[in-house]
Amino acid sequence: MPEGLEAELYRRSAEQAAGRRITDVTVYDHQEMAMEIRTALPGHRFTSVRRHGKVVTLDLDDGPSLGLHFGMTGRLVVDGDAAIAELEYSSGRDDPAWNRLVITFDDGGTLRINDPRRWARFVLDPDLDRLGPDFLDVTADHLVAAFARRRTPVKAALLDQGVVAGYGNMCVDEVLWHVGISPTTPARDVETDDVERLVEFAPGHLMTMLQLGGSHRGTITPEVRAAVPPCPQDGAPMRREQVGGRTTIWCPVHQPDP
DNA sequence: GCCCTTGTTACGCC
DNA sequence: AGGCGTAACAAGGG
């Protein structure tokens with residue numbers, strides 16, 4: 001599913017669209033915004049493409065920016081080339097019926113959101129103020145402060161985009177497994193040392209996963225999530241339960257509950 | 001055909 | 001007030 005890593009892949013893909021003149025926009029979903037989007041974009045060019053957490057923002061040379069969020073199964077397709085060939089929990093197909101937004105450029109190329117389920121979102125001038133720091137450069141100080149008043153499982157705290165932006169279900173399990181923190185630990189009870197180890201470890205590991213293709217390319221892969229084999233690190237039976245309302249995989253031995 | 005999956009938001013409760 | 005849990009949402013796939 002599109003987590004921050006997939007959003008980064010989409011951002012890079014969207015850079016191919018920068019500088020090209022927009023000639024047409026077709027809005028198939030969120031009709032309430034169709035008018036303003038069709039008014040703002042044609043005749044203009046995207047100048048730069050940013051990402052914060054799971055939101056990709058395309059800046060316009062003149063006028064509002066365009067914010068994209070891909071929900072669970074949304075993909076960005078630029079010039080017919082899906083940035084992510086395989087996306088967990090989504091089919092591999094690129095059915096035209098699933099196009100939600102299509103932007104056409106004067107060279108005939110397109111930038112599209114294609115989403116079988118309709119949770120992808122797009123909006124002009126996205127509000128990023130409610131998002132925490134990006135997951136690739138959040139500091140330990142920030143997380144410690146944000147965790148301090150929360151009794152909720154650390155897993156839920158990391159998934160809270162207002163605490164830190166970009167983590168999805170798979171990357172949280174991945175990082176917690178590697179740094180040996182139980183996802184059930186109340187956020188306020190996570191040792192500062194452990195938060196520091198997480199912050200030190202996560203960016204490099206996530207970037208490696210990015211280079212391998214995205215959030216499903218870590219140790220806790222979709223196959224591991226489905227089959228729940230013995231812990232790849234120490235061979236103990238892994239647990240698979242709902243934590244913070246989400247299916248969670250962890251090792252009770254090297255990620256012991258507090 | 002039931003049930004699983006996900007990210008986000010809306011709600012109600014404490 | 002704000003933290004917390006949960007339901008709801010869409011719809012393909014097993």
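Proteins get letters first, then strands, A, B, ... in listed order; numbering begins at 1 in each. Bear in mind the structure is a predicted one, so any value in this text is a computation, not a measurement.
The interatomic distance linking A:D29 (CG) with C:dA10 (P) rounds to 10 Å, in whole Å. A straight line from CZ of A:R117 to P of B:dT5 spans 12 Å, rounded to a whole angstrom. Across the protein-nucleic acid pair, A:F70 atom CZ and B:dT5 atom C1' stand 20 Å apart, rounded to whole Å. We find that CZ of A:R121 is positioned 9 Å from C1' of C:dA10, with the value rounded to whole Å. When rounded to the nearest whole Å, the span between CZ of A:R130 and C1' of B:dT8 equals 10 Å. Between the CH2 atom of A:W98 and the C1' atom of C:dG12 there is a distance of 7 Å, rounded to whole Å. Taking atom CG on A:D115 and atom C1' on B:dT8, their separation rounds to 14 Å, with Å as the unit. The distance between atom CZ of A:R151 and atom P of C:dG2, rounded to the nearest whole Å, is 17 Å.
Among the heavy atoms of the strands lying under 4.0 Å from A:R246 is at least one base atom, whether or not backbone atoms are also near. Residue contacts shown for A:R240 are limited to sugar-phosphate atoms, with no base heavy atom under 4.0 Å away.
Where A:W119 and A:R188 meet DNA chain C, the nucleotide closest to each residue was compared, and A:R188 sits on the side nearer the 5' end. Between A:R100 and A:R149, the one whose closest nucleotide on DNA chain C sits nearer the 5' end is A:R149.
A donor-acceptor contact under 3.5 angstrom links the side chains of A:D59 and A:S48, judged on distance only. No donor-acceptor contact under 3.5 angstrom links the side chains of A:H52 and A:T57, judged on distance only. Remark: the A:H44 side chain and the A:D61 side chain contain an N/O donor-acceptor pair separated by less than 3.5 Å.
A distance below 6.0 Å separates the ring centres of A:H254 and A:W177.
Taking the side chain of A:H69 as heavy atoms from C-beta on, and the options B:dT5, B:dG7, C:dG3, the nearest nucleotide is B:dG7. For A:Q161, counting side-chain heavy atoms from C-beta on, the closest listed nucleotide (C:dG5, B:dT8, C:dC4) is B:dT8. Closest approach to the A:Q242 side chain among C:dG5, B:dT5, C:dG3 is made by B:dT5 (side chain taken as heavy atoms from C-beta onward).
For A:T73, no side-chain nitrogen or oxygen approaches OP1 or OP2 of C:dG12 to under 4.0 Å. Between B:dT5 and A:T247, a contact under 4.0 Å exists linking OP1 or OP2 to a side-chain N or O.
Enclosure of atom CD in A:E191 is not indicated, since only 12 or fewer non-hydrogen atoms of other residues, nucleotides or ligands lie within 6.0 angstrom.
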